[in-house]
Amino acid sequence: MQGLMIGAPLLISDLIRHADRHHGDAEIVSKRVEVPTKDGSGAIHRYTYREAHARSRRLANALKKLGVGATDRIATLAWNGYRHFEIYYAVAGLGAVIHTINPRLFPDQVGYIANHAEDRIVFVDLSFLPLAEKVAPALKTVQHYVVMTDRAHMPQTSLPNALCFEDLIEGSDDRLVWPEFDEKTASCLCYTSGTTGNPKGVLYSHRSTILHAYAAALPDALNVSARDVVLPVVPMFHVNAWGLPYSCALVGAKLVFPGQHLDGRSLHELFEQEGVTMSAGVPTVWLGLLNYMKEHKLRFSSLKAVVIGGSACPPAMIRSFQDEHGVQVIHAWGMTEMSPLGTVSTLKGKHLGADKEAQYAVQNKQGRVLFGVDMKIVDSDGKELPNDGKAFGDLHVKGPWITTSYFKGEGGDPLRDGWFPTGDVATIDPDGYMQITDRSKDVIKSGGEWISSIDLENIAVAHPDIVEAAVIGIRHPKWDERPIVVAVKKPGAGITREELLKFYEGKIAKWWMPDDVAFVEQLPHTATGKLSKLALRGEFKDYRLPEST
Ligand code: AMP
C-alpha cells in the first residue's frame, strides 16, 4: 500500500520559488567583478531573492530563445556572484545541466572538460575572458559565449558569438512557469580535479541536490537559518560552494558573494560591512584572514561560525578562531563525489561537560555522518574494520547524494559492493566520529606499518614559526618509505631543522619521527587549493635521506 501524499518531485526551481515567496526581501549582496569607480561606488551589487528569481526567469527565457533544452550542458567560468547564482537557477530550472568549470585548472584541462561535457554555452566573468579566449579555438561544441557584464563594460573579445549577459536579461520577460519533471533528472556537472588521469565528471540530480540542501542546513551540519548572513568563500565552481546557494535559499538566509578578492583584507571588510554570521572555506583562505587580522589587530563583530573543510583543518586554526575570536569552528569533510558533505564535527550532548581539551580532540576529527550518508572502513580485502578509533582503513560511503558512476562511464564502475571508495584512509570511533589519517596514496608506508602524513603536518603547523607544511614519504632501502617535512617558515622566523624535529618529541611514537626537514619558500597547490603532494613528490624525486637513517 502506498502512502497518500502529494507526489511533488524535489526540484531545484522550488528552492528559488520558495525563497521568493517566503523570504522575498532577504538580500543577496555581491562584490562586483566589474571595476568600481574611483570613489568605490559600484563595487557592491545588492538585491533580493525576489529580484533574483525574476532575473533567473528572464535568463531562462533567454536561454530557451537560444535553443537550450533539457539535458543541454551550460558552462560557467565565474566567481561567486549574483549572476552566477541566477545561472544556477535558470539552467537547472529548465531541466538543463549547469557545468561549473574550475578556472584554476590548466587551460588544456578546461578545454578537455568543456569538450567532454559537450557544453553548448559558456558564461564567462570578465576576469576569465583571457582564459576563455585562449581555450575557445579548441572547444568543439560551444555555440555561444555570454560575457557576464552589462553593455557599458562589454569588452572587445575574440570569442565567437559573444553575447552580453545584461542584454539577454533585458531582452526577455519574466513570465515563465518552471517546468515539472522527474526529480532524478541531472541538474549539475562538476569535474573532480583528478590527481591522476583526466578529470572525471560527477553528475548531480535535482533530488540529490535538494536532499543534500536539507541535510546541510541542519543544526548539527552547517546550521544555517533565516537569521543568518552567509558568505560562501568556497567557490561556486567547487562542488557548488558546498551546496550553500541551495541551502541558503531553502532557509531564506541573506547571502553575501565575495567575487574575486579572497585575501584577508577584502574578506574582513565584507564580513564587517554586511554583518556576516557564518562563512565557509578551505584552511588556506582562513590562514590568510587570521594572519591579516593579527597583523592589524582586528576583531569580528558579527561572525559566529566558520565551516572549514576541503582539507584537514589544522588544530591550531580551530583554537585561534575559538579562543582568540570567539568564532565557532565547524570542521567538515566531503568530496565532489558526495555533493560534497559527508561528515561534520559537532559535539554531542555528552561532550558538553567535558574539558576544553577533550572537546578540541573531538573537533579535530572530521566528524559524524549526516543522515543520508553511511560510512565504513575496510582493510585491503574489503573486510570491515572495527569502529574503535584505532583501526584505520579505506573509507567507503553510500547514500542518495553520492555518485554511482562518473559522467559517460569514465573510469568504469567505481563502486565496491554498492559502496563508494573515497580514497581516504580513516578511523571511526565508538561515538561515530571519523578521522582522516591520510589519502590512500599519501599514507607513508614504513616497515609494513602506516604513518599518517596529516598528523605529522598538523604538528609542524602548530609550531609558531611555521606557516604551512607537507609531509611526504621518501624511498628508503630498509623501511620502504620514511617521512620528511617540507615546511614554509613565517617571514623572518629563524627556526632550524633540529628545532622543528625537537618539537615532535613526545607528541608521536618514535618511529613516526620525520627523518628530515626541508624549508621551502612555498608549497605547490592544486586547482582547488589543496596541497599538491603529487607535484611535491615530483620536486623531491632526487632527494636523498640523511645518511644516519
Ligand atoms: P574534492 O573532491 O576536491 O573536494 O576533494 C575531496 C578530498 O578532500 C577528500 O577525499 C579528502 O581527501 C579531502 N578533504 C576534504 N575535506 C577534508 C577534511 N576536513 N579533512 C581532511 N581531508 C579533507
Side-chain angles (χ1 to χ4, degrees), residues 100-102 104-105 109 113 188-196 199-204 212 216 221-222 232-244 280-286 306-315 317-318 329-346 362-370 373 375 377 392 394-397 401-403 406 411 414 419-428 433-443 452-458 461 470-471 525-534:
T100 49
I101 301 180
N102 182 345
R104 295 187 185 128
L105 293 172
Q109 281 180 316
I113 65 175
C188 178
L189 181 62
C190 286
Y191 281 73
T192 58
S193 31
T195 38
T196 50
K200 295 197 279 290
V202 179
L203 191 60
Y204 311 112
H212 180 270
L222 306 189
V233 184
V234 51
M236 290 166 80
F237 56 73
H238 190 190
V239 217
N240 302 318
W242 299 347
L244 284 169
V282 295
T284 326
V285 164
W286 301 126
V306 284
V307 182
I308 305 183
S311 37
C313 176
M317 187 173 281
I318 303 184
V329 168
I330 303 171
H331 188 193
W333 165 85
M335 58 196 310
T336 308
E337 289 86 340
M338 301 179 70
S339 301
L341 268 185
T343 62
V344 183
S345 205
T346 47
V362 175
Q363 285 195 284
N364 290 341
K365 299 188 174 192
Q366 275 69 17
R368 300 179 273 128
V369 284
L370 309 184
V373 176
M375 70 177 171
I377 44 172
F392 53 100
D394 292 313
L395 179 63
H396 289 192
V397 291
W401 59 77
I402 296 168
T403 198
Y406 293 99
W419 293 73
F420 180 82
T422 61
D424 287 324
V425 177
T427 59
I428 302 175
Y433 288 84
M434 182 273 286
Q435 183 159 30
I436 304 259
T437 51
D438 242 313
R439 287 294 291 166
S440 45
K441 55 188 176 306
D442 294 339
V443 76
S452 159
S453 65
I454 293 181
D455 280 0
L456 296 183
E457 285 158 10
N458 280 343
V461 294
V471 171
H525 291 91
T526 66
T528 50
K530 296 179 209 288
L531 270 176
S532 174
K533 298 243 177 125
L534 191 73

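Residue numbers run from 1 in the order of the sequence given. One-based numbering, in listed order, for ligands and for the atoms of each. These numbers were taken from a predicted model, which means no experiment stands behind them.
Residue Thr336 has at least one heavy-atom neighbour below 4.0 Å for each of these atoms of ligand 1: 1 (P), 2 (O), 3 (O), 4 (O). Which parts of ligand 1 touch Gly310 is read off a 4.0 Å heavy-atom cut-off, strictly below it: atoms 8 (O), 13 (C), 14 (N), 15 (C), 16 (N), 17 (C), 23 (C).
For the pair Asp424 and ligand 1, a heavy-atom separation below 4.0 Å is found. The closest approach between any non-hydrogen atom of Cys313 and ligand 1 is not below 4.0 Å. Look at Lys530 and you'll find a heavy atom under 4.0 Å from some atom of ligand 1.
Taking CE of Met317 as the reference point, atom OG1 of Thr284 lies at 7.5 Å (rounded to 0.5 Å). The distance from atom NE2 of His238 to atom CG of Asn102, rounded to the nearest 0.5 Å, is 7.5 Å.
At a 4.0 Å heavy-atom cut-off, ligand 1 touches Met335 through backbone and side chain alike.
Shown here are the salt bridge (charged side-chain N to carboxylate O under 4.0 Å, His left out) partners of Asp442, two or more places apart in sequence or in another chain: Arg537. Under the salt bridge (charged side-chain N to carboxylate O under 4.0 Å, His left out) criterion, Glu457 pairs with Lys533, sequence neighbours left out.
Residue Ala312 has at least one N or O atom closer than 3.5 Å to an N or O atom of ligand 1. When only interatomic distances are considered, the shortest N/O to N/O separation between Val239 and ligand 1 does not fall below 3.5 Å.
Between Thr192 and Glu337, some side-chain heavy-atom pair lies under the 4.5 Å cut-off.
The residue from Gly334, Ser311, Ala332 that puts a heavy atom closest to atom 7 (C) of ligand 1 is Gly334.
No donor-acceptor pair under 3.5 Å is formed between the side chain of Gln363 and the backbone N or O of Ile318. His396 places no side-chain N or O within 3.5 Å of a backbone atom of Trp419 that could act as its donor or acceptor partner.
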